[in-house]
*Asks:* 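Encoded as structure tokens, here's the structure I'll be asking about.
Keep in mind that what you see is a predicted model, and the values were worked out from it rather than measured. The sequence lines fix the lettering, A, B, ..., with proteins before strands; numbering per chain opens at 1.
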2 protein chains.
Amino acid sequence: MKVLIIDDEVAINGFINKGLEENGFEVTQTFDGEMGLRLARNSSFDVIILDLIMPGINGLEVCRRLREEHQIQTPILMLTALNTTDDVVEGLNAGADDYLGKPFKFQELLARVRALGRRSGQIESPANLLQVGDLTMDLDQKIVTRAGQELQLTLKEFLLLECLIRNKNRVLSRLDLLEKVWGIHFDTGTNVVDVYMNYLRNKIDKPFDQKLIQTVVGMGYVIRD
Amino acid sequence: MKVLIIDDEVAINGFINKGLEENGFEVTQTFDGEMGLRLARNSSFDVIILDLIMPGINGLEVCRRLREEHQIQTPILMLTALNTTDDVVEGLNAGADDYLGKPFKFQELLARVRALGRRSGQIESPANLLQVGDLTMDLDQKIVTRAGQELQLTLKEFLLLECLIRNKNRVLSRLDLLEKVWGIHFDTGTNVVDVYMNYLRNKIDKPFDQKLIQTVVGMGYVIRD
DNA sequence: ATCCAATATTAAGTCTGTGTTAAGTTTTTT
DNA sequence: AAAAAACTTAACACAGACTTAATATTGGAT
């Protein structure tokens, strides 16, 4: 099991590193938030141990950015000297999964890391899937299937479908879709959304009986169960 | 999000129940381990809050059996007066995902339950609904139903109805409606409002006994409970 | 009861919104 | 560097949403 330690205090970082390695974990150490973010983004860890107080980007910020900007759901154990209720609450709300105050006994850290790791192991295996009816998107493999048949989508088609499914049963306006898929935040008079909706339909709806994508005139598009 | 509380202490059980319900959770309470096991097996909860010390089957045992015998992986928050390191370690090793010592602040419990729940189910955003009598508008799905029956409205009809309901029991003049629905800020002598009010009535009032839209002669229109 | 103004209804004409295609542009692959 | 694929823009056709306008009906005052 792979663990990332992000803590600027060299002594503590080393202490955790040593203890975890003795217990059979694969450990990566880093001493600042910036590097921590980069490592967490680019490798896949099972658990991240994150110090709250660090020079530069602090732990809360690292946590928030991993969750919100990078959509990384690796379990995070927040580690810090602060452990009043407010700090704990703030940490958990920023997206941490657990919180441990310093000083701590190593046995407790170990148990908590195992608890977190156990969870990720089970959650990761049922792949990262989105579904509507008999259509499935595998977000890791980037594969879309309908009725067991694999469909070949381009990037924009894929993103558009993902957006629709993540908001299934909610009608999305062209502007919503332009923002979320194309990153265009104002009306430029383009009709790309229409065109791509057409391409998408040709692939995921045309060959099948039940149509998933619906137009709601004047409002936008939905995908429904 | 569905939460199961297993705690024999009636006061604490009730306290948690009340607090969680106020925060929009669906809560099920039970006061002994036996029943807790049965409920956890048969319904699907997003989080289980489990007291360690209980008469009959204790929390550790419940936790262990859920994990080992029943293969149930619902996140468990262990709750107890004991909070020495050893107890925490034992609890987490039995398969709990988090551990909170009594007494605790409710805000911390809430944050921890949310952190656990975030994993299993997505937080369902409460639907965006407007209601008058037996008529419901779902602003996300853009669906209008009356007496359980789905009604098909066009854009202008939908906006007009939305405007009426948002101002229910308040009489809106034609000019008010022209401004809010059509964006026309001066009198152009048009009678669109009348015409659309007619279309709307044909769909939402004509087929039903109780009429929701009322004309106030010389003043405008209202929708009332 | 009668008249006038306000409101309801209907029907026809206009025009916007949408689907579709094709051609032009950029990016990626070979 | 050429070819293919992906993406964007633009133009056109058509259905149905919307608007206008004319006529019918209702409500309230005299």
*Asks:* Do B:Arg67 and B:Thr74 get their side chains close enough for a donor-acceptor pair, meaning under 3.5 Å?
*Replies:*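 B:Thr74 and B:Arg67 do not have a side-chain donor-acceptor pair below 3.5 Å.
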*Asks:* Just verifying a value: how many Å separate B:Leu159 CG and B:Leu164 CG, rounded to the nearest 0.5 Å?
*Replies:*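 One finds 11.0 Å between CG of B:Leu159 and CG of B:Leu164.
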*Asks:* Charged N to carboxylate O under 4.0 angstrom, A:Lys102 versus A:Asp51?
*Replies:* yes
*Asks:* Could you give the CG-to-P distance, from A:Leu177 to C:dT18, as a whole number of Å?
*Replies:*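 Rounded to the whole Å, the gap is 12 Å.
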*Asks:* Using 30° and 60° as the class limits, which term best fits the ring planes of A:Phe104 and A:Phe15: parallel, tilted or perpendicular?
*Replies:* tilted
*Asks:* Testing A:Arg146, A:Lys211, A:Gln210, A:Gln214 one by one against A:Asp205 for a side-chain hydrogen bond (donor to acceptor under 3.5 Å, both in side chains), which residue passes?
*Replies:* A:Arg146
*Asks:* Indicate yes or no: does B:Glu22 engage B:Lys18 in a salt bridge with an N to O separation below 4.0 Å.
*Replies:* yes
*Asks:* Whole angstrom is fine here: how far is it from CH2 in B:Trp182 over to P in C:dT16?
*Replies:* 16 Å
*Asks:* So, B:Arg112 and B:Asp98, do they make that salt bridge, N to O below 4.0 Å?
*Replies:*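 Yes, B:Arg112 and B:Asp98 are salt-bridged.
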*Asks:* When every nucleotide of nucleotides 5-14 of chain C is labelled 5' to 3' by its protein contacts under 4.0 Å (heavy atoms), B for base, S for sugar-phosphate only, - for none, what sequence of letters results?
*Replies:* -SSSBBB---
*Asks:* Under a criterion of less than 4.0 angstrom to any heavy atom of chain B, what are the 5'-terminal and 3'-terminal contacting nucleotides of DNA chain D?
*Replies:*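 Footprint of chain B along DNA chain D, 5' to 3': D:dA17 to D:dA22.
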*Asks:* Check the side chains of B:Thr136 and B:Gln131 for a donor-acceptor pair under 3.5 angstrom, ignoring hydrogens and angles.
*Replies:*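 B:Gln131 vs B:Thr136: donor-acceptor pair found between side chains.
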